[in-house]
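Report on one structure; see the data block that follows.
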Amino acid sequence: MDTDHHSEAPKASVKALLDGAFPVNETVTVEGWVRTRRDSKAGFSFVHVNDGSCLANIQLVANQDLDNYASDVLRLTAGSALRCIGTVVESQGKGQSVEIQVQSIDVLGDVEDPDTYPIQPKKHSYEFLRSVAHLRPRTNTFGAVTRIRHRAARAIHQFFDDMGYFWINTPIITASDAEGAGQLFRVSTLDMMNLPQTDAGAIDYAQDFFGRETFLTVSGQLNVEAFCLAMSKVYTFGPTFRAENSNTSRHLAEFWMVEPEVAFADLADLSQLAEHFLKSVFAEVLEHCGDDMAFFADRVEPEAITRLQNVIDQPFVQLDYTEAVEILQKSGRDFEHPVAWGTDLQTEHERFLTEDHCQAPVVVKNYPDAIKAFYMRLNDDGQTVAAMDVLAPGIGEIIGGSQREERLEVLAKRMAQHGLDGGDYEWFLDLRRYGTVPHAGFGLGFERLLNYITGLSNIRDVIPYPRTPKSAPF
RNA sequence: UCCCCGGUAGCUCAGCUGGUUAGAGCGGGUGACUGUUAAUCACUAGGUCGUUGGUUCGAGUCCGACCCGGGGAGCCA
């Protein structure tokens, strides 16, 4: 337990101390960053210290008889880093069960200019905190986000592991565009000031690093399908890149996506998987991040905890796209965008369905063929595909998925209709030539999930370093 | 990319229809007081009002352009 050769006292995280892992009268080493300091002229100071292990701080009580009381303790300000050796004692004050009676305190790093240190014990705007992304982990809010993000990621892996899925690390660099649109980040080592050209005057990508055009992945789905049709149950969980000029609170240029892919499964199996998946992750977060969730319920979104519990307790509402259109048309609402069968649901329509009509997560299934991607399975009606979106109140689309087109002829025809070059996708068609089976999968935006869990409304506040159009600092 | 809104002290903001030396709270410093809890009280330091043109006797305030940020829309996860 004692890995610190500077002292004999075992290191104690703030979380362990407040959990009662160290008995009263034990001598421990506490390390962390000062949040607040209050001095008593009776001859001692209270120093609240946070080490990120939990939301709460540990209170140090430092007496004036310490050698460095005047020189160091009285000069501690928010953000100072310290190591302290002290005794666990029952607190004489209210607000905490135990505190540390300091035996020695060592300032590891003071704050150069306390007057301009950005993180103060006060409310800051999220916009301001984004401008100090390297310091915002020291705030209560971002610390809580960080712990919940970790727990949710862990819960996702746990869920799939329990269900017999394998985690597949699909490539970040890819030559294909899974969405069929020009929205990719180019990966190149060519000298942009001196681009090699072909005889025809085009850029000669044969001279580029990979000998062809390459991009950052927009989805691991196509690659993971190959493993699905061998391992049966697989998923990806990794960074994803979209070069869309989207300036909203729900879009990032770099985000993390979870994409399960299941063999021998249809759309009904998939929507059931999505529901179990979300419920499992929410339950895990509620169980393990109680303090952090209580913080969000108190400061950010009063319903943060209750709505997660409601999702866990209630079955998701299942709607056919056609049904959803009818509900919207009969709603009597004066929508800005008209509702018509054959057009995609607009944000205002999705919000009505999930926030007003159902007041719960909604699974909308079987969309018109024309508005969905080429790889989605054509239904027997010849007009719709076996696609589904899971819509969450306040967030909108959180999951998008489909049963995949496993029939070679139908897939080839759909690819041609979408103008996709068969050559780059021959390997994808191979999967339909050799032992094809019905299979299905979905994509979940990890940050959107975190927005829903925490109640934070901006996606830039649930990822450590947000990348958005015209913005990639730090 | 489109439509709105904004940019004043380290932070959060106020500053009316243009008018002398631009204000508050928090934070910082100093002092008082207290087993304190984002303590309290007093004093104090701190601002080329996003940039740049223009209108005017006079611009934080009005107009144009640009930069940056936010909200909404589209696209999507």
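Residue numbers start from 1 in every chain, and the chains themselves are labelled A, B, ... in the order their sequence lines are given, proteins ahead of strands.
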**Message:** Looking at A:D161 and A:R154, is any side-chain nitrogen of the basic one under 4.0 Å from a carboxylate oxygen of the acidic one?
**Reply:** no

**Request:** Identify the residue among A:Q403, A:E261, A:H439, A:M388 that makes a side-chain contact (heavy atoms from CB on, under 4.5 Å) with A:L270.
**Result:** A:M388

**Request:** I would like to know whether A:R136 and A:D461 meet salt bridge (charged side-chain N to carboxylate O under 4.0 Å, His left out); could you show each step before the answer?
**Result:** CA-CA 10 Å; A:R136 69 177 180 168; A:D461 299 324; 3.5 Å; yes

**Message:** Looking only at the side chain of A:L252 (C-beta and beyond, no hydrogens), which of the listed nucleotides B:rA39, B:rU1, B:rA77 gets closest?
**Reply:** B:rA77

**Prompt:** Atom CZ of A:F128 and atom P of B:rG27: how far apart are they, to the nearest Å?
**Reply:** 15 Å

**Request:** Looking at every strand, decide which applies to A:S45 at a 4.0 Å heavy-atom threshold: base, sugar-phosphate, or nothing.
**Result:** nothing

**Message:** Using a 4.0 Å heavy-atom cut-off, does A:F255 contact any base of the nucleic acid, only the sugar-phosphate backbone, or nothing at all?
**Reply:** base

**Asked** Given B:rU12, B:rA39, B:rC75, which nucleotide is nearest the side-chain atoms of A:T36?
**Response** B:rA39

**Message:** Under 4.0 Å, counting only non-hydrogen atoms across every strand here, what does A:I398 touch: a base, just sugar-phosphate, or nothing?
**Reply:** sugar-phosphate

**Item:** Side-chain donor or acceptor of A:R37 paired with backbone N/O of A:L74 under 3.5 Å
**Value:** yes

**Message:** Counting only heavy atoms from other residues, nucleotides and ligands, does the tally under 6.0 Å from CZ of A:F166 exceed 12?
**Reply:** no

**Prompt:** Along nucleotides 29-36 of chain B, 5' to 3', which nucleotides get a B, which get an S, and which get a -, given that the test is a protein heavy-atom distance under 4.0 Å?
**Reply:** ---SBBBB

**Complete:** Counting only Watson-Crick and G-U wobble pairs with both atom distances below 3.5 Å, the stems of 3 or more consecutive pairs that include RNA chain B are B:1-7 with B:67-73, B:10-13 with B:23-26, B:28-32 with B:40-44, B:50-54 with B:62-66

Is there any protein nitrogen or oxygen under 3.5 Å from a nitrogen or oxygen in nucleotides 41-52 of chain B, and what are the pairs?
none

**Message:** Determine whether a donor-acceptor pair (one donor, one acceptor, N or O, separation below 3.5 Å) exists between the side chain of A:S246 and the base of B:rC75.
**Reply:** yes

**Request:** Output every pair passing side-chain hydrogen bond (donor to acceptor under 3.5 Å, both in side chains) with a member in residues 12-24 of chain A, not counting sequence neighbours, ordered by first then second residue.
**Result:** A:K15-A:D19

**Item:** Nucleotide B:rA77, atom C1' - distance to CD1 of A:I399 in whole Å
**Value:** 10 Å

**Test side chain to side chain donor-acceptor pair (under 3.5 Å) applied to A:N451 - qualifying residues, sequence neighbours left out** = none

**Prompt:** Is the backbone N or O of A:A268 less than 3.5 Å from a side-chain atom of A:D266, with the two atoms forming a donor-acceptor pair by type?
**Reply:** yes

**Message:** A:N63: which residues meet the side chain to side chain donor-acceptor pair (under 3.5 Å) condition with it, sequence neighbours left out?
**Reply:** none

**CZ/A:F255: more than 12 non-hydrogen atoms of other groups inside 6.0 Å** = yes

**Message:** Taking any heavy-atom pair under 4.0 Å as a contact, classify A:D113: base, sugar-phosphate, or nothing.
**Reply:** nothing

**Asked** Under 4.0 Å between a Lys/Arg side-chain N and an Asp/Glu carboxylate O for A:R149 and A:E447?
**Response** yes

**Request:** Quick one: which residue pairs count as a salt bridge (charged side-chain N to carboxylate O under 4.0 Å, His left out) with a foot in residues 332-350 of chain A, not counting sequence neighbours?
**Result:** A:R333-A:D356

**Request:** Counting heavy atoms from C-beta on, name the nucleotide in B:rA77, B:rG10, B:rC75 closest to the side chain of A:Q120.
**Result:** B:rG10

**Fill in**
Separation of B:rG28 atom P from A:E112 atom CD, nearest Å, is 17 Å

**Message:** Students often mix this up, so state it plainly: with edges at 30° and 60°, are the rings of A:F160 and A:Y165 parallel, tilted or perpendicular?
**Reply:** tilted

Check nucleotides 66-70 of chain B against the protein and report each pair of N or O atoms closer than 3.5 Å, with its distance, or say if there are none.
{"from": "B:rG70", "atom 1": "OP1", "to": "A:R130", "atom 2": "NH1", "distance (Å)": "3.0"}
{"from": "B:rG70", "atom 1": "OP1", "to": "A:R460", "atom 2": "NH1", "distance (Å)": "3.0"}

**Item:** Separation of atom CG in A:L444 from atom C1' in B:rC76, rounded to whole Å
**Value:** 13 Å

**Message:** From CZ of A:F277 over to P of B:rA77, roughly how many Å is that when rounded to an integer?
**Reply:** 15 Å

**Message:** Between A:S249 and B:rG72, is there a contact of a side-chain N or O with OP1 or OP2 at under 4.0 Å?
**Reply:** yes

**Span that lies between the C1' atom of B:rG23 and that of B:rC76, in whole angstrom** = 46 Å

**Prompt:** Given the C1' atoms of B:rC49 and B:rA24, what is the spacing between them in whole Å?
**Reply:** 16 Å

**Asked** What's the NE2-C1' distance between A:H251 and B:rG74, to the nearest Å?
**Response** 9 Å

**Message:** Rounded to whole Å, please give me the gap between CD in A:Q346 and C1' in B:rG72.
**Reply:** 13 Å

**Message:** Taking B:rG27 as the reference, what is the distance to B:rG47 when you measure between their C1' atoms (whole Å, please)?
**Reply:** 16 Å

When the side chains of residues 463-474 of chain A are checked against the rest of the protein, which donor-acceptor pairs come out under 3.5 Å, sequence neighbours left out?
{"from": "A:R467", "atom 1": "NH1", "to": "A:P473", "atom 2": "O", "distance (Å)": "2.8"}
{"from": "A:R467", "atom 1": "NH2", "to": "A:P473", "atom 2": "O", "distance (Å)": "3.4"}
{"from": "A:R467", "atom 1": "NH2", "to": "A:F474", "atom 2": "O", "distance (Å)": "3.1"}

**Request:** Applying side chain to side chain donor-acceptor pair (under 3.5 Å), name anything that partners A:E303, two or more places apart in sequence or on another chain.
**Result:** A:T306

**Closest contact, heavy atoms only, A:W33 versus A:G79** = CD1-O, 3.5 Å

**Message:** Any donor-acceptor pair, under 3.5 Å, between the side chain of A:N57 and the base of B:rU37, if you only look at N and O atoms?
**Reply:** no

**Request:** Using atom CZ of A:R351 as one end and atom P of B:rG74 as the other, report the distance to the nearest whole Å.
**Result:** 11 Å

**Message:** In whole Å, measure the gap between the C1' atoms of B:rC66 and B:rG7 for me.
**Reply:** 14 Å

**Asked** Between A:D320 and A:K365, does at least one N-O distance fall below 4.0 Å, as a salt bridge requires?
**Response** no

**Prompt:** Sequence neighbours excluded, which residues qualify as salt bridge (charged side-chain N to carboxylate O under 4.0 Å, His left out) partners of A:D369?
**Reply:** A:R414

**Asked** Which ones in residues 148-161 of chain A lie close to RNA chain B, meaning a heavy atom under 4.0 Å from one of its atoms?
**Response** none

